[in-house]
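One structure is given below, encoded as structure tokens.
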Amino acid sequence: MRISGKDIFSLFAVLFAFLFSACSRLDSQELAPSSVKVGFALSDPQTKTVLDPLQGLFSWEDGDNVSLWAESASGDEVLSAQPFSLQARSPRGSLAYFSSVLSSAMPQGSYTYRMTYPAALSYSDGVALFSLPSTQDGRSSGGASIMLSDAIIGPELTPLDNTSPIDQSTLLDFRLHHLLHYLRFYIPQGCNILGEDIEKIVYSMPEGISGDVKVNIKDGSSSIENAVSTQTLLLSQPIGEQAFVSAAIFPPSRTYMESERMNVRIFSRNHYSDLEPIGLGGRNFAAGHITSVALRPQSIGPVYRLIFRLEGNNLGEDVQKITLQLPSAITWEGTSLSSFTLEKDDGSVIKVGDSFEFRTIEQSEFAALAGLKVKVIYESENAIVSEDITLFTELGSTVMQASLNCPYLVFEDFSCIEADFNSGDNHSASNLGDKDPYYIPSGWSVARAGGMAGTAVRLAAHRETGLVNMPSRCDSPLLT
């Protein structure tokens with residue numbers, strides 16, 4: 001494909017702004033003495049990676065990475081699955097610019113180039129490995145598309161000149177072919193009886209639709225291993241009626257029979273619905289095509305939610321993760337574990353007000369949690385502390401809320417003192433007081449002190465006439 005002068009001008013403008021930006025990685029990256037930075041531009045509007053479900057169109061997104069192969073005239077792979085990252089794109093998204101650092105410059109000559117999206121996880125004997133996730137976001141983004149280009153002939157990639165925009169020699173007329181099929185889910189007008197936007201879609205098909213995908217980069221053949229037949233869409237943007245979300249699936253190895261079905265369950269925040277099974281007879285879900293799937297719920301059921309919210313933090317440091325421990329004979333729903341760790345997906349710290357949610361459609365599982373004691377372990381950069389809470393819900397409610405309060409590193413309110421005591425804390429010179437330790441039930445010990453039931457201890461340290469010191473002390477139990 002050829003590009004117009006207008007498109008070249010747009011690309012130059014984008015790259016000029018990029019090259020002279022203060023945060024430009026082109027300007028700031030330090031290279032080894034023999035290494036070089038090279039780049040290329042894609043001009044084909046078909047080579048895009050994120051599906052707009054409404055328009056059925058793809059576009060590049062920040063963080064995209066590709067792999068590039070370059071084979072010399074003698075058959076040597078000078079570049080073998082070399083990763084390139086997206087550096088800039090034109091405002092209309094039709095032009096994209098990728099760069100990479102090579103250990104050394106490419107020898108001058110003509111090369112056969114091939115490219116894949118995303119960057120291959122591994123490569124051996126002409127076969128590149130990719131992962132098609134079973135959990136997607138409804139936009140076929142983050143690598144949930146797999147594409148392979150036609151082979152093209154071009155010159156070596158020359159080192160970038162950061163002082164000027166790229167020239168036309170860096171434009172590669174790759175045309176990428178989609179190796180996956182795309183499902184486009186939507187709710188027809190008047191069909192959303194759940195009364196809330198849809199947040200999650202779970203569906204299954206007779207053959208495996210996610211797994212490890214192997215692609216022969218020369219003949220374009222592909223296969224799937226470790227396949228699973230169920231996918232989950234956790235929608236980055238919940239949808240209402242007449243809105244669309246997409247998913248990428250690996251094409252089946254055959255045309256489905258009339259008796260075969262697709263099973264779909266949809267979730268809103270408080271409800272779920274199992275749809276009537278969708279007939280697949282006569283469909284082969286070919287690579288590079290899009291199939292629309294109408295979601296028409298017929299009945300609804302409740303979603304039970306257990307919400308943990310951090311209401312307070314007395315530790316003095318941000319919490320990095322929280323571990324919830326049930327009694328050892330009980331496991332969290334959907335797992336075989338009695339211990340479950342809560343962490344932010346992006347690795348950031350957990351702040352007051354942050355919450356984590358467990359959901360189930362099984363009323364018995366939800367009811368079984370009520371009254372359980374949970375040990376909550378908080379971990380910061382320098383400390384680990386814990387508290388015990390009891391799960392509670394009102395009869396008939398579908399929501400159970402658990403308030404978490406990260407405790408002090410050391411805390412004692414002396415509520416365990418059952419009766420007033422006096423351990424020689426008389427201030428008079430005739431009674432210097434008792435210096436032997438007195439132990440209270442929580443393990444604390446005091447000397448020359450007294451206590452008030454359920455309230456506090458008083459320390460009687462003082463200085464007598466004649467410069468006589470009367471020390472007192474209060475000691476915590478051993479810190480573990």
Side-chain angles (χ1 to χ4, degrees), residues 308-332 337-342 349-352 369-392 400-480:
F308 291 92
R309 183 184 301 275
L310 184 62
E311 302 287 359
N313 183 1
N314 299 303
L315 187 56
E317 288 186 328
D318 288 324
V319 176
Q320 294 178 333
K321 64 181 179 180
I322 300 173
T323 300
L324 309 172
Q325 289 185 349
L326 290 173
S328 58
I330 302 173
T331 61
W332 290 107
L337 305 173
S338 59
S339 178
F340 196 88
T341 298
L342 307 177
V349 297
I350 302 172
K351 296 286 190 179
V352 172
L369 293 172
L372 288 180
K373 293 188 180 297
V374 179
K375 183 175 184 180
V376 185
I377 303 171
Y378 305 87
E379 185 171 335
S380 69
E381 183 177 359
N382 296 293
I384 299 176
V385 295
S386 65
E387 67 169 343
D388 294 325
I389 64 171
T390 300
L391 300 180
F392 171 79
M400 188 182 304
Q401 302 212 36
S403 296
L404 306 180
N405 289 278
C406 183
Y408 294 94
L409 181 62
V410 179
F411 175 83
E412 177 60 63
D413 62 2
F414 300 106
S415 59
C416 64
I417 299 177
E418 298 176 352
D420 293 355
F421 71 86
N422 184 309
S423 182
D425 64 339
N426 192 320
H427 288 197
S428 68
S430 59
N431 184 350
L432 300 183
D434 189 349
K435 293 182 287 184
D436 294 329
Y438 179 90
Y439 292 94
I440 59 178
S442 63
W444 287 68
S445 64
V446 296
R448 192 176 279 120
M452 299 177 62
T455 305
V457 295
R458 58 182 179 273
L459 303 181
H462 59 287
R463 186 180 179 86
E464 294 284 357
T465 304
L467 302 180
V468 178
N469 291 324
M470 303 294 176
S472 178
R473 65 185 295 163
C474 178
D475 297 296
S476 74
L478 289 175
L479 299 179
T480 59

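Worth knowing before you read on, the calculation uses all heavy atoms, side chains too, and leaves out hydrogens, waters and symmetry mates. Bear in mind that the values here come from a model prediction, so they are computed numbers and not experimental data.
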How long is the span from the [atom1] atom in [X] to the [atom2] atom in [Y], to the nearest 0.5 Å?
| X | Y | atom1 | atom2 | answer |
| --- | --- | --- | --- | --- |
| Lys375 | Ser338 | NZ | OG | 12.0 Å |
| Ser445 | Ile440 | OG | CD1 | 8.5 Å |
| Phe392 | Leu372 | CZ | CG | 13.5 Å |
| Leu315 | Asn382 | CG | CG | 9.0 Å |

Heavy-atom side-chain contact between [X] and [Y] under 4.5 Å:
| X | Y | value |
| --- | --- | --- |
| Pro471 | Arg448 | yes |
| Phe421 | Val457 | yes |
| Thr341 | Lys321 | yes |
| Asp318 | Glu381 | no |
| Phe308 | Leu324 | yes |
| Asp388 | Val374 | no |

(request) Indicate whether the side chain of Glu412 and that of Ser476 have a donor and an acceptor atom separated by less than 3.5 Å. (result)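 Ser476 and Glu412 do not have a side-chain donor-acceptor pair below 3.5 Å.
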Heavy atoms only: give me the nearest [X]-[Y] pair and the separation to one decimal.
| X | Y | answer |
| --- | --- | --- |
| Val352 | Glu311 | CG1-O, 3.4 Å |
| Val446 | Cys474 | CG1-SG, 3.8 Å |
| Ser472 | Ala460 | OG-N, 3.6 Å |
| Lys373 | Thr390 | NZ-OG1, 3.4 Å |
| Ile389 | Ser403 | CG2-O, 4.2 Å |
| Leu391 | Leu369 | CB-O, 3.5 Å |

(message) If the test is side-chain contact (heavy atoms from CB on, under 4.5 Å), which one of Ile377, Leu342, Val376 qualifies with Thr323?
(response)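 Only one of Ile377, Leu342, Val376 forms a side-chain contact (heavy atoms from CB on, under 4.5 Å) with Thr323, namely Ile377.
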(request) Look only at the side chain of Tyr378 and the backbone of Asn405, and say whether a donor-acceptor pair between them is shorter than 3.5 Å. (result)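 Such a contact is found between Tyr378 side chain and Asn405 backbone.
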(message) Please check: side-chain N/O of Asn422 versus main-chain N/O of Gly450, any donor-acceptor pairing under 3.5 Å?
(response)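 Judged by distance alone, no pair lies under 3.5 Å.
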(request) Quick one: sort the Trp444 and Phe414 rings into parallel, tilted or perpendicular, breaks at 30° and 60°. (result)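 It falls in the perpendicular class, over 60°.
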(request) Go through the steps for Leu459 and Arg473 under the test side-chain contact (heavy atoms from CB on, under 4.5 Å), then give the verdict. (result) CA-CA 7 Å; Leu459 303 181; Arg473 65 185 295 163; over 6 Å; no
